[in-house]
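FYI, side chains are in, hydrogens and waters are out, and symmetry mates aren't considered; it's all heavy atoms of this structure.
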Amino acid sequence: MADLSLTPVPVATGIADVAAQAVDAAAGGDTAPVGPGRFLYVANGDAAPHTVTVATPGTVKGLAVADASLVVAAGDHGILPLAGVYRGANGRAAITYDGVNLVTVAAFELGA
């Protein structure tokens, strides 16, 4: 598992080339910081769709909360919020992929 670093998105200027910040998705999964204004960017350069899953480790009234999943179509991009509900014991979200061929990812923080 690789630890993704946050890339700040300045309020005044934004980021012109989001894809340039992305790194190859790790076959064993990645982790990323969670919190308000944070999100995961996923680019799928593969010819097949890929599913990204973020574990939801907590419970509500003793009941498990379903993990978040995002299907990114072939050649498409997706964004998944990294809300506090995804915070694991290490303080980070655990992210897995059904495949990593030509999949790149980046973690961003708005308003930094």
Side-chain angles (χ1 to χ4, degrees):
M1 234 179 219
D3 291 338
L4 300 175
S5 298
L6 283 175
T7 298
V9 178
V11 173
T13 61
I15 293 180
D17 190 357
V18 173
Q21 306 300 317
V23 298
D24 291 339
D30 292 309
T31 70
V34 299
R38 294 175 177 176
F39 64 92
L40 178 71
Y41 164 80
V42 182
N44 180 9
D46 199 4
H50 286 290
T51 301
V52 179
T53 302
V54 180
T56 307
T59 60
V60 174
K61 296 184 179 182
L63 300 173
V65 180
D67 295 341
S69 292
L70 175 69
V71 178
V72 182
D76 210 349
H77 307 263
I79 292 176
L80 190 64
L82 294 171
V85 69
Y86 306 124
R87 185 181 320 278
N90 63 356
R92 299 173 68 87
I95 305 159
T96 56
Y97 316 96
D98 72 339
V100 295
N101 185 47
L102 300 174
V103 175
T104 58
V105 295
F108 291 95
E109 181 173 31
L110 295 174

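- Among residues at least two apart or in separate chains, there is no salt bridge (Lys or Arg N to Asp or Glu O under 4.0 Å) pair with a member in residues 44-60.
- Judged as a salt bridge (Lys or Arg N to Asp or Glu O under 4.0 Å), the pairs with a partner in residues 72-94 (not counting sequence neighbours) are, in order, D3-R92.
- The shortest non-hydrogen separation linking A22 to A106 is CA-CB, 3.8 Å.
- Residues G88 and P57 share a closest heavy-atom pair of CA-CG, 3.9 Å.
- When every heavy atom of L6 is checked against every heavy atom of P8, the shortest pair comes out as O-CD, 3.7 Å.
- Evaluation of the ring pair (Phe, Tyr, Trp, His ring centres under 6.0 Å) test over residues 9-38, restricted to residues two or more places apart or in two chains, returns none.
- Taking T51 as the reference, T53, S69, V71, D98 meet the side chain to side chain contact (heavy atoms under 4.5 Å, CB included) condition, with sequence neighbours excluded.
- Other members of the hydrophobic cluster containing L4, listed by chain and number, are V23, V34, L40, V42, V52, V54, L70, V72, L80, L82, V85, Y86, I95, Y97, V100, V103, V105; membership follows side-chain contacts under 4.5 Å among ILVMFWY residues, whether direct or relayed.
- Within the structure, salt bridge (Lys or Arg N to Asp or Glu O under 4.0 Å) pairs that include any residue of residues 29-42 comprise R38-E109 (at least two apart or interchain).
- Cluster partners of V60, using a side-chain heavy-atom cutoff of under 4.5 Å among ILVMFWY residues and allowing indirect links, are V65.
- Linking Ile, Leu, Val, Met, Phe, Trp and Tyr whenever their side-chain heavy atoms come within less than 4.5 Å puts L110 and I79 in one cluster.
- For the side-chain hydrogen bond (donor to acceptor under 3.5 Å, both in side chains) condition, no pair includes a residue of residues 16-25, sequence neighbours left out.
- Residue pairs meeting the ring pair (Phe, Tyr, Trp, His ring centres under 6.0 Å) criterion with at least one member in residues 21-40, sequence neighbours excluded, are F39-F108.
- Judged as a ring pair (Phe, Tyr, Trp, His ring centres under 6.0 Å), the pairs with a partner in residues 41-77 (not counting sequence neighbours) are, in order, Y41-H77.
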